[in-house]
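Please read the structure below before turning to the comments.
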Protein chains: 2
Amino acid sequence: MEDDKTVEGNRAFERSCCPITNGLDIFGDKWTLLIIRDLILGKRRYQDFISSAEKIASNILADRLKKLEAAALVRRQAYQQKPARYEYSLTEKGESLRPVLAAIISWSQEHYPGTQLFPSVRPRQATDQTVKVAGGV
Amino acid sequence: MEDDKTVEGNRAFERSCCPITNGLDIFGDKWTLLIIRDLILGKRRYQDFISSAEKIASNILADRLKKLEAAALVRRQAYQQKPARYEYSLTEKGESLRPVLAAIISWSQEHYPGTQLFPSVRPRQATDQTVKVAGGV
DNA sequence: TCCATTCACTTGCTTATTGCAAGTTGCGCA
DNA sequence: TGCGCAACTTGCAATAAGCAAGTGAATGGA
């Protein structure tokens, strides 16, 4: 008997082989795409995600980051040893979700005029200065 | 004290005014976009949605249809009296989610070659003016 | 040396949402 | 007098989310 797991490292086609269903099985919840958004905006570290406006709980963030890594949308790498500290970045597969976010933004802006994008964040320097720069998702 | 409800009939900006967050507050779960997909594919009735491949539970379907109606993405109308029977269709606002679905399909097909779209469903004969021809979401 | 702080998470517990099975209502039909 | 269909509703167990607090390694300061 065959197992129904592991297409590129994650469970595949849990509910059906419909591409929409498959997408939703990966990012169909209230938080995952917000983490992708943050990564696109330039955030990289745990505290960056924690401090976003939507106030994700830390256990949920940890869970989603693990799932995103397992699904190969996100990569985790140490930016220093002693103490080991990690940052996250999008893989190509994760980057390619940009059009999905763009479509959602477009829909929201059309139907909810009050919405507005957050600005991009400039990557950290050694001295930890986050300077904001224009440019949306 | 002001309430934080009702932009076009539904709770607005629950978590932040980010357009992505706003979109996810409306359709950010595992089922809502599948109902939209079914509607785009030509399904209209409760049993149509129930019989989709993903096997949505009937209570969740009822809940999502109510929320979609409240958010003005979907409209509910009787197609017969005695006994009253209802069918659902997309509003313009719901139709305009097409690009979101298209982006998800595109992403899934690129990264998960095994996925494939369901075909459109032919509308029922009793009550329909809008005849749709084949073509995916 | 001791203490406070930072960062990247875990853990424990409460509350909310899902999933599953079964039940309900109104009517038409044999 | 049932039987069945369509569109839901209800009850309850299982799963997930939300919240607060805690952990461990290291670093900087009094």
Side-chain angles (χ1 to χ4, degrees), chain A residues 11 14-16 21 24-35 38-39 43-70 74-89 123-130, chain B residues 11 14-16 21 24-35 38-39 43-70 74-89 121 124-128:
Chain A
R11 291 246 285 296
E14 298 180 14
R15 294 185 293 171
S16 83
T21 308
L24 294 176
D25 285 341
I26 295 166
F27 53 76
D29 70 278
K30 288 212 181 301
W31 294 109
T32 301
L33 285 181
L34 293 185
I35 296 170
D38 280 355
L39 285 162
K43 297 186 176 186
R44 304 190 178 297
R45 299 185 189 174
Y46 206 85
Q47 292 304 320
D48 294 337
F49 307 124
I50 287 288
S51 61
S52 282
E54 293 83 8
K55 299 277 164 274
I56 189 171
S58 59
N59 52 348
I60 295 174
L61 175 59
D63 176 80
R64 294 301 187 276
L65 286 171
K66 261 168 210 154
K67 284 180 177 162
L68 284 169
E69 210 192 339
V74 156
R75 128 185 13 102
R76 175 182 185 260
Q77 52 207 149
Y79 65 87
Q80 66 168 47
Q81 314 291 344
K82 309 184 352 185
R85 290 290 140 83
Y86 302 93
E87 62 182 17
Y88 297 86
S89 56
R124 293 165 189 270
Q125 314 296 37
T127 30
D128 220 50
Q129 257 193 333
T130 53
Chain B
R11 291 246 283 297
E14 298 178 15
R15 293 184 292 171
S16 84
T21 308
L24 294 176
D25 285 341
I26 295 167
F27 53 75
D29 69 278
K30 287 212 180 305
W31 294 109
T32 301
L33 285 181
L34 293 185
I35 296 171
D38 280 355
L39 286 162
K43 297 188 177 186
R44 302 185 185 297
R45 299 185 188 175
Y46 206 85
Q47 291 304 319
D48 294 337
F49 306 124
I50 286 288
S51 61
S52 282
E54 293 84 8
K55 298 279 163 272
I56 189 171
S58 60
N59 53 345
I60 294 174
L61 175 59
D63 176 80
R64 295 300 188 276
L65 286 171
K66 262 168 210 152
K67 285 180 177 162
L68 283 169
E69 210 193 336
V74 156
R75 137 189 357 110
R76 176 183 186 259
Q77 52 207 152
Y79 64 88
Q80 67 168 44
Q81 314 291 344
K82 305 178 16 177
R85 292 289 139 81
Y86 302 93
E87 63 181 19
Y88 297 86
S89 56
V121 163
R124 295 171 190 266
Q125 43 282 69
T127 317
D128 52 43

B:Ala84: partners by side chain to side chain contact (heavy atoms under 4.5 Å, CB included), with sequence neighbours left out: B:Tyr86
Residue list, side chain to side chain contact (heavy atoms under 4.5 Å, CB included) with A:Gln80, at least two apart or on another chain: A:Pro83, A:Arg85
[X] side-chain N/O to [N] phosphate OP1/OP2 under 4.0 Å:
X       : N      : value
A:Tyr88 : C:dC9  : yes
B:Lys66 : D:dA7  : no
A:Tyr79 : C:dA8  : yes
A:Arg15 : C:dG19 : no

Roughly how many Å is it from [atom1] in [X] to [atom2] in [N], rounded to a whole number?
X       : N      : atom1 : atom2 : answer
B:Arg44 : D:dA6  : CZ    : C1'   : 17 Å
A:Ile56 : C:dA8  : CD1   : P     : 15 Å
B:Leu68 : D:dC8  : CG    : P     : 13 Å
B:Arg45 : D:dC8  : CZ    : C1'   : 16 Å
B:Gln81 : D:dA6  : CD    : P     : 17 Å
B:Gln80 : D:dA6  : CD    : C1'   : 9 Å
B:Asp25 : D:dA17 : CG    : C1'   : 14 Å
B:Arg76 : D:dA6  : CZ    : P     : 16 Å

Just to verify, what does [X] make a side-chain hydrogen bond (donor to acceptor under 3.5 Å, both in side chains) with, not counting sequence neighbours?
X       : answer
A:Arg75 : A:Ser89
A:Tyr88 : A:Arg76
A:Ser51 : none
B:Glu69 : none

Residues that A:Asp38 engages under salt bridge (Lys or Arg N to Asp or Glu O under 4.0 Å), provided they are two or more places apart: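 Salt bridge (Lys or Arg N to Asp or Glu O under 4.0 Å) list for A:Asp38, sorted by chain: empty.
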B:Thr32 side, atom OG1; B:Leu65 side, atom CG - distance, nearest 0.5 Å: 9.5 Å
Output a table of donor-acceptor pairs, distance under 3.5 Å, between side-chain atoms of residues 55-64 of chain B and any protein atom two or more places apart or on a different chain; print 'none' if there are none.
residue : atom : partner : partner atom : Å
B:Lys55 : NZ   : B:Ser52 : O            : 3.2
B:Asp63 : OD2  : B:Lys67 : NZ           : 3.3
B:Arg64 : NE   : B:Asp29 : OD2          : 3.2

Residue A:Ala62, side-chain atoms from C-beta onward, closest of C:dT10, C:dA22, C:dG19: C:dT10
Residues touching DNA chain D, which here means a heavy atom under 4.0 Å, drawn from residues 46-55 of chain B: B:Tyr46, B:Gln47
Which atom pairs link the protein and nucleotides 16-18 of chain C when you take only N or O atoms and keep those under 3.5 Å?
residue : atom : partner : partner atom : Å
C:dT18  : OP1  : B:Arg64 : NH2          : 2.6
C:dT18  : OP2  : B:Arg64 : NH2          : 3.4

B:Leu24 to A:Lys30 - nearest heavy-atom pair and separation: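 Minimum heavy-atom contact is O-NZ, 3.1 Å.
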A:Glu54 versus A:Trp31, closest heavy-atom pair with distance: O-CH2, 3.3 Å
Taking only nitrogen or oxygen atoms into account, show me every contact under 3.5 Å that the protein makes with nucleotides 25-30 of chain C, one pair per line with its distance.
residue : atom : partner : partner atom : Å
C:dG26  : N2   : B:Arg85 : NH2          : 2.7

Six-ring centre of A:Phe49, A:Arg44 cation under 6.0 angstrom, axis tolerance 45°: no
